[in-house]
Novice: 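Here's a structure for you.
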There are 2 protein chains.
Amino acid sequence: MLHSHNDPPAAVEAGGLSRYSEQKRRQILQAAFRLFLRHGFEATTMDAIAREADVSKATVYAHAKNKQELFAGIVAGRAALIYGSVELQGAESAAPEDALSRFARHFIQLILSPEAQGIYRLVVAEAPRNPELGRIFFEQGPRAVTQRLAAILEAQVRTGHLNVDDPLAAAQEFLGMLHGKFHLPCVLGVAGQPPVEELERAAERVVRTFLKVYGSMR
Amino acid sequence: MLHSHNDPPAAVEAGGLSRYSEQKRRQILQAAFRLFLRHGFEATTMDAIAREADVSKATVYAHAKNKQELFAGIVAGRAALIYGSVELQGAESAAPEDALSRFARHFIQLILSPEAQGIYRLVVAEAPRNPELGRIFFEQGPRAVTQRLAAILEAQVRTGHLNVDDPLAAAQEFLGMLHGKFHLPCVLGVAGQPPVEELERAAERVVRTFLKVYGSMR
DNA sequence: GTCTATATGAAGATAGAC
DNA sequence: GTCTATCTTCATATAGAC
């Protein structure tokens, strides 16, 4: 069996982990994530992860207690990263059309990105057998985004730019509409990745619809 | 190993299948569906299906070519059944508030039913490795419902009760909003099954929001 | 920490008797 | 069609050397 030559572990450094180990750790996490995305949790084997990461299986087990923990750690971590990236700078002070537009464009591209779709599939599939994973994903992902949007809406209400009775409910309507046209067909592989212009058009339409309901200057 | 006593197959009847065989077929399909819902595709074994159906594994293979086909057949069949049940009688002629209300209440209870949620998880999880399954589910399920709703909206536009520019887009907005508050948390197991009254309130809110945008008498 | 080698158990699928 | 028994492959996880 081929594998790269192995230097002996370097001396342990400040953090308590050798450089060597850190690199293997990254290899393992990346390989595992790639394979989980491609084959799902059950169909991904520890053998395949070791092969893809170019380490031995025993090394994989040295870095992760078992397959479950490897999986949950990776997926939760990536989900938080991705959903945390929704850009909201200055959204409270901008004109509502602009704030909502920017938010909508970011969000729709986020949820249609291949990585976000892959994570969505994994979490939806495994949540019943791994409730903690479902909880972490939901709270750090969709729920966090919803709450941030609700906060923006509330700020816009205070400045008189919007007229929203229930910011949380309105935020859920807004995000629901943004899923509308593309999310499910893409997740199911029925539609390919839509071109950016089409996404922007869809986002703009949702913003216009939303402002017809909650815009305060009509 | 325990199993029920086996009578020899009864004489073949009109349809070409013995009663005996039809019963085992039902046992197998039901058992497989239960297990797929509970454990997902990969983690469900043919051994377990045979055990749960109280037949031998060879009998399972006599009724289904392999695990893939057993799975796809069951899931697609149940999905079509469930989504086909959305009640739309007379929706074109009723007042738009009533038509949309009835539709919304049915739809939101449909997508939150345990069986629909289970199928959703299975299809989302396996669609990348089984594109045909994703396509069939989408077309017979969500897409069919969306188109029926769009047709209702169009009829309401013709009678002057609604003012919708793009019935398909509006239908997608409506259905997206109906997913909004409950669908994801329930699919992820973060929230339990909400009580019916709460679902009705949520449905009513969406209808009101929708009519603020597309109602023609304001 | 990292490797090779292996223990242990199941998986999907089929053979062959009835 | 249905069973029991089995083939073959491969899974998760660990032991033991370095």
Side-chain angles (χ1 to χ4, degrees), chain A residues 1-29 31-32 35-36 39-72 126 129-130, chain B residues 1-29 31-32 35-36 39-72 126 129-130:
Chain A
M1 190 202 314
L2 293 183
H3 64 275
S4 61
H5 67 288
N6 300 311
D7 299 329
V12 172
E13 304 182 13
L17 284 171
S18 70
R19 257 208 227 111
Y20 197 64
S21 178
E22 258 312 311
Q23 193 204 318
K24 300 232 159 176
R25 171 175 230 92
R26 266 199 305 277
Q27 287 172 21
I28 292 167
L29 294 179
L35 293 178
F36 284 137
H39 304 296
F41 173 71
E42 285 288 344
T44 295
T45 70
M46 296 296 258
D47 277 292
I49 292 172
R51 213 179 314 125
E52 176 102 354
D54 200 24
V55 300
S56 77
K57 197 161 45 159
T59 299
V60 176
Y61 277 98
H63 286 263
K65 189 161 142 274
N66 55 40
K67 202 169 92 162
Q68 275 278 342
E69 286 202 1
L70 184 60
F71 177 76
E126 295 309 319
R129 269 88 59 192
N130 197 335
Chain B
M1 189 200 315
L2 291 183
H3 64 276
S4 61
H5 67 286
N6 300 310
D7 298 328
V12 172
E13 304 183 10
L17 283 172
S18 70
R19 257 208 226 110
Y20 199 63
S21 178
E22 256 314 308
Q23 193 204 318
K24 300 231 159 178
R25 168 172 234 94
R26 266 198 306 276
Q27 286 173 22
I28 292 167
L29 294 180
L35 293 178
F36 283 137
H39 305 295
F41 173 70
E42 286 288 344
T44 297
T45 71
M46 295 298 258
D47 277 292
I49 292 172
R51 214 178 315 125
E52 177 101 355
D54 200 23
V55 300
S56 76
K57 195 159 47 157
T59 299
V60 176
Y61 277 99
H63 285 264
K65 189 160 141 277
N66 54 40
K67 203 170 91 161
Q68 274 279 340
E69 286 203 0
L70 184 60
F71 177 74
E126 294 310 317
R129 270 90 57 192
N130 198 334

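Keep in mind it's a predicted model, so treat the numbers as computed, not measured. Naming: A, B, ... by sequence-line order, numbering from 1 per chain.
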Novice: Pairs of donor and acceptor atoms involving the side chains of residues 58-65 of chain A, under 3.5 Å and at least two apart or interchain, shall be tabulated with distances.
Specialist:
from: A:Thr59; atom 1: OG1; to: A:Ser56; atom 2: OG; distance (Å): 3.1
from: A:His63; atom 1: ND1; to: A:Arg25; atom 2: NH1; distance (Å): 2.9

Novice: So, do B:Ile49 and B:Phe36 sit near enough that their side-chain heavy atoms are less than 4.5 Å apart?
Specialist: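 Yes, side chains in contact.
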Novice: How would nucleotides 12-18 of chain D be written as a contact map, 5' to 3', with B for base contact, S for sugar-phosphate-only contact and - for no contact, using protein heavy atoms under 4.0 Å?
Specialist: BBBB---
Novice: Quick one, B:Asn130 and B:Phe41 - any side-chain contact, counting heavy atoms below 4.5 Å?
Specialist: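 Not in contact.
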Novice: How would you list, by chain and number, every residue that makes a side chain to side chain donor-acceptor pair (under 3.5 Å) with A:Glu52, sequence neighbours excluded?
Specialist: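 Testing A:Glu52 for side chain to side chain donor-acceptor pair (under 3.5 Å), a comparison that skips the adjacent residues, returns A:Arg34.
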Novice: For D:dT2, does OP1 or OP2 lie under 4.0 Å from any side-chain N or O of B:Thr59?
Specialist: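 Looking at the OP1 and OP2 atoms of D:dT2, neither is under 4.0 Å from any side-chain N or O of B:Thr59.
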Novice: Quickly work out the A:His39 NE2 to D:dA11 P distance and round it to whole Å.
Specialist: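 That distance rounds to 11 Å.
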Novice: Which whole-number value in Å describes the distance from A:Asp54 CG to C:dT2 P?
Specialist: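 Computing the A:Asp54:CG to C:dT2:P distance gives 12 Å.
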Novice: If you define the side chain from C-beta out and look only at heavy atoms, does anything of A:Leu70 sit under 4.5 Å from A:Leu29?
Specialist: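 The answer is yes; the side chains approach within 4.5 Å.
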